[in-house]
Amino acid sequence: MKKHNFSAGPCILPEEVLKQASEAILNFNNDNLSLIEISHRSKAFVNVMEKARSLALELLGLENKGYKALFLQGGASLEFLMVAYNLLNKKAAYLNTGTWSDKAIKEAKAFGELVEVASSKDKGYSYIPKNYSIPEDADYLHLTSNNTVAGTQFKEFPKTNVPLVCDMSSDIFSRQLDFEKFDLIYAGAQKNMGPAGTTLVVVKEDILGNVERHIPSMLNYQVHIDKDSMFNTPSVFAVYVSMLTLQWLKDLGGIPFIEKVNQKKAELLYSEIDRNPLFKGIVATEDRSTMNATFTLVDETHKETFDKLWQEAGINGLNGHRSVGGYRASMYNALPLYSVQALVDVMQEFERKVS
Ligand SMILES: *Cc1c(COP(=O)(O)O)cnc(C)c1O
């Protein structure tokens, strides 16, 4: 039987997507060629790219609203740099809510004045800062909607006239948001969309073109827009699998449907963490992520017993990030509810065993 995969990233993908993807590796479109041995300029692949881009906009409700979707390379980590390269003229505001925000700040510093408007670093990123003011003259405000490592998530976004840039790597397509509030959204594919190797960037075209510096072509959003996300050879496989996952999500009922499933999964696990006297959550209750649930044992001496139980139950990827410790259950879109139930069953079995 397939394992219950709680891995944080790369992570679980829908079974049927994996099946279709493996078939396309051998014989794509019944053309007796592999997906990865045809030209990216072939009609067959151009269709894949177009479909991936339009599905992304459609699922986010951003069609015909001045946004462009791009599938780029270099991971979300390259976006830390590209965002600043393309948008930072004088001053940018950043919210420091986790390891990834911190890295984004480090990259952007080279391009202008950086204002860290709030940070939860002092408490191990265990909460989302609430009261802060955003400089009105900032070129943009950057934030990380879901903090994959610590397990916190913005439930509400700051109200501001400053353009919003958001790293949604680990919760894109997981919940309904007013995506029009954002001017630029980026997400590495490997958390909720596909395999590693491509990054989705959704950008409102009119925020571009306002910096004076020369931007190298590969780092220039406008160049990628003008070339329909095919300025150079894209990651054909990663884009194809992302397209299949987006189609899978659309067929299920899109974000409104998956949001309900994700809420059910999160409620099931967090209620067990709160009920079971042997576990405790790590982050502020109101900021808990529906995607990455972090928790620890109340008594660490039972670690070996618990680890053995979940491993025997076919659960994978439950160890916490090395900077946080404890456990992290990542419950991305493709993780079925029964996998969360399997984890809860193990937590209850553990309770019976040690108490
Ligand atoms: C994983 C992750 C990243 C880094 O993504 P890469 O594609 O490895 O560069 C950045 N931000 C967030 C929120 C992440 O979860």
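Residues: numbered from 1 along the sequence shown. Ligands are counted one by one from 1 in listed order, and the atoms in each one are counted from 1 as well.
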Over 12 non-hydrogen atoms of neighbours within 6.0 angstrom of NZ in Lys91 = yes

task = Please list, by chain and number, the protein residues whose heavy atoms come under 4.0 Å of ligand 1.
result = Gly75, Ala76, Ser77, Phe80, Trp100, Thr144, Asn146, Thr148, Asp167, Ser169, Ser170, Gln190, Lys191

request  = Taking the six-membered ring of Tyr127 (Phe, Tyr or Trp), confirm whether the NZ or CZ of Lys123 is under 6.0 Å from its centre and within 45° of its axis.
outcome  = yes

inquiry  = Can you confirm whether Tyr132 is buried at OH, in the sense that more than 12 heavy atoms of other residues, nucleotides or ligands lie under 6.0 Å from that atom?
reply    = yes

message = Other residues, nucleotides and ligands only: do more than 12 of their heavy atoms fall within 6.0 Å of NZ on Lys155?
response = yes

ask   = Of the non-hydrogen atoms in Arg288 and Gly281, which two are nearest, and what is the gap between them?
value = NH2-CA, 4.1 Å

Enclosure of Lys130 NZ (heavy-atom neighbours >12, cutoff 6.0 Å) = yes

